[in-house]
2 protein chains.
Amino acid sequence: MADTNSVEALIHALRRLPGVGVKSASRMAFHLLQHDRAGASSLSRALQHAVESVRHCERCHTFTEAELCSTCQDERRDASKLCVVETPADQSALERTLAYKGLYFVLMGKISPLDGIGPKDIGLKKLFDRVTDGVVSEVILATNFTAEGEATAHVIAQGLKDRGVKITRLARGVPIGSELEYVDLGTIAHALLDRR
Amino acid sequence: MADTNSVEALIHALRRLPGVGVKSASRMAFHLLQHDRAGASSLSRALQHAVESVRHCERCHTFTEAELCSTCQDERRDASKLCVVETPADQSALERTLAYKGLYFVLMGKISPLDGIGPKDIGLKKLFDRVTDGVVSEVILATNFTAEGEATAHVIAQGLKDRGVKITRLARGVPIGSELEYVDLGTIAHALLDRR
């Protein structure tokens with residue numbers, strides 16, 4: 001694309017975004033340079049600022065700019081409940097339900113042997129130490145219902161066995177608004193078993 | 001996602017990339033901050049550098065860092081042929097064929113009334129002036145074979161009528177390696193008409 005090294009370098013840098021190949025990167029570079037240079041500048045600044053200021057919360061590992069994130073600092077939250085999620089986006093989804101008032105532990109990943117990610121990489125030791133602090137009485141495993149998410153939940157449940165805390169998992173069942181005909185059989189089987 | 005304004009600002013800035021919605025932007029931000037901060041920094045620098053240094057070639061409008069792009073500066077190119085393309089990516093595709101030794105005029109867009117882009121926005125006046133400089137003898141219209149690309153080619157052909165230059169269009173036909181059964185009927189009809 002053109003003869004300029006700056007454009008080539010920009011395309012190369014854009015390809016490091018997940019899900020962006022060489023054609024998308026070229027299209028993005030062309031769009032930014034031709035139609036939205038202000039957008040390119042603001043993206044440049046946002047990236048630099050985030051890299052410099054975003055760190056992990058000392059208690060729950062989520063992204064924050066302070067030592068503790070606002071959720072961990074909030075004294076009105078119920079510290080006896082600890083919800084374990086994979087990512088800040090999952091935490092955000094739970095928060096939007098307004099149905100949970102406890103605290104979180106954000107793994108910032110999941111156990112995935114194929115990608116070389118084991119229990120150490122997602123801070124399980126820190127999680128286990130936290131759970132045995134005498135305050136937490138229930139750990140809610142809210143990892144995703146994927147193979148890796150289930151494996152991660154299993155490893156955490158094993159590690160917390162016999163530590164005197166209640167361990168629960170998000171309920172599996174039929175999503176609201178769906179028709180049984182189109183729901184997969186494993187979900188229906190779980191919904192049957194967990195009927196109430 | 002998390003409680004940090006920097007992360008929110010980054011997601012917001014990433015959404016200005018074409019084809020990126022809020023979910024993709026969140027995933028990109030998480031990936032960069034959690035797994036590839038070096039990539040985030042290099043993308044930030046590449047954006048800033050490109051915005052500062054990339055400009056348009058004075059003669060052909062493509063992206064360049066100098067006054068004239070390397071193609072326009074190359075004295076071995078055949079200045080009697082002028083190929084009109086929509087974007088630097090299209091120019092690059094033609095260059096990779098090694099089948100063309102003339103010069104280019106890059107419209108940096110196409111006529112698209114729905115988006116409010118008319119002849120002025122793609123520099124047609126400059127193109128018409130260039131064509132009547134006495135050097136150009138053939139204009140090859142290589143805009144895309146889409147509705148807007150065809151309309152753009154039509155407008156240019158009309159504007160260059162009676163100026164004493166030959167006007168040609170890239171041949172339409174059956175792509176190499178394809179089976180007739182799967183080629184659309186319009187293409188086959190064109191291939192029949194233009195048979196040789």
Side-chain angles (χ1 to χ4, degrees), chain A residues 1-7 9-20 23-24 26-57 62-66 69-71 73 87-89 91-92 106 108-109, chain B residues 1-7 9-20 23-24 26-57 62-66 69-71 73 87-89 91-92 106 108-109:
Chain A
M1 177 159 167
D3 67 312
T4 106
N5 291 328
S6 302
V7 181
L10 176 56
I11 292 171
H12 186 76
L14 283 164
R15 290 191 59 188
R16 290 180 78 156
L17 294 171
V20 175
K23 297 235 167 182
S24 307
S26 299
R27 198 159 46 95
M28 287 171 174
F30 176 75
H31 173 82
L32 290 175
L33 290 172
Q34 185 64 14
H35 302 295
D36 193 12
R37 291 200 176 210
S41 293
S42 80
L43 178 54
S44 172
R45 285 192 302 272
L47 283 163
Q48 197 54 41
H49 187 68
V51 165
E52 281 163 7
S53 63
V54 174
R55 47 193 281 196
H56 293 290
C57 171
T62 196
F63 290 135
T64 178
E65 284 169 61
C69 72
S70 58
T71 309
Q73 278 181 30
T87 65
Q91 177 185 10
S92 167
V106 185
M108 287 289 175
Chain B
M1 177 159 166
D3 67 313
T4 106
N5 291 327
S6 303
V7 181
L10 177 56
I11 293 172
H12 187 74
L14 283 165
R15 289 191 61 188
R16 290 180 78 156
L17 294 171
V20 174
K23 296 235 167 180
S24 306
S26 299
R27 199 160 45 95
M28 288 171 173
F30 177 75
H31 174 81
L32 290 175
L33 289 172
Q34 184 65 13
H35 302 295
D36 192 13
R37 291 201 176 211
S41 293
S42 80
L43 178 54
S44 172
R45 284 192 303 271
L47 282 162
Q48 198 54 41
H49 188 68
V51 165
E52 282 164 6
S53 63
V54 174
R55 47 192 282 196
H56 292 290
C57 171
T62 196
F63 290 136
T64 177
E65 285 169 61
C69 72
S70 58
T71 309
Q73 277 181 31
T87 65
Q91 176 184 10
S92 168
V106 185
M108 288 289 175

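Each chain gets a letter, A, B and so on, in the order its sequence line appears, and its residues count up from 1.
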Asks: Would you say that Leu17(A) contacts Leu43(B) through its side chain, given a criterion of any heavy-atom pair below 4.5 Å between the two side chains?
Replies: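 Counting from C-beta outward, Leu17(A) and Leu43(B) do come under 4.5 Å.
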Asks: If we define contacts as heavy-atom pairs under 4.5 Å, which of His56(B), Gln48(B), Gln34(B) has the most with chain A?
Replies: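 Between His56(B), Gln48(B), Gln34(B), the count favours Gln34(B).
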Asks: So, taking the atom named CG in Asn5(A) and the one named NE2 in His12(A), what distance separates them when rounded to the nearest 0.5 Å?
Replies: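 The distance works out to 12.5 Å.
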Asks: Based on non-hydrogen pairs under 4.5 Å, which of Gly39(A), Ser44(A), Ala13(A) is most in contact with chain B?
Replies: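 With the most close heavy-atom pairs to chain B, the winner is Ser44(A).
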Asks: Taking side chain as C-beta onward, heavy atoms only, is Ser41(B) less than 4.5 Å from Arg45(B)?
Replies: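 Contact flag for Ser41(B)/Arg45(B) side chains = yes.
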Asks: Is a donor on one side and an acceptor on the other found under 3.5 Å between the side chain of Gln91(B) and the backbone of Val106(B)?
Replies: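 Not a single qualifying donor-acceptor pair exists.
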Asks: Given heavy-atom pairs under 4.5 angstrom as the criterion, report whether the side chain, backbone, both or neither of Ser53(A) touches chain B.
Replies: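 For Ser53(A), the side chain is the part near chain B, not the backbone.
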Asks: Using heavy-atom distances under 4.5 Å, tell me whether Leu32(A) contacts chain B through its side chain, its backbone, both, or neither.
Replies: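 The side chain, not the backbone.
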Asks: Looking at His49(A), Met108(A), Glu52(A), which one has more heavy-atom pairs under 4.5 Å with chain B than the rest?
Replies: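 Answer, by heavy-atom pair count under 4.5 Å with chain B: Met108(A).
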Asks: In terms of heavy-atom pairs under 4.5 Å with chain B, which of Ser24(A), Ala46(A), Gly19(A) leads?
Replies: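 Winner by heavy-atom pair count: Ala46(A).
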Asks: Given side chains that start at C-beta, do those of Leu10(A) and Leu33(A) come closer than 4.5 Å, heavy atoms only?
Replies: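 Yes, at least one pair of side-chain atoms sits under 4.5 Å.
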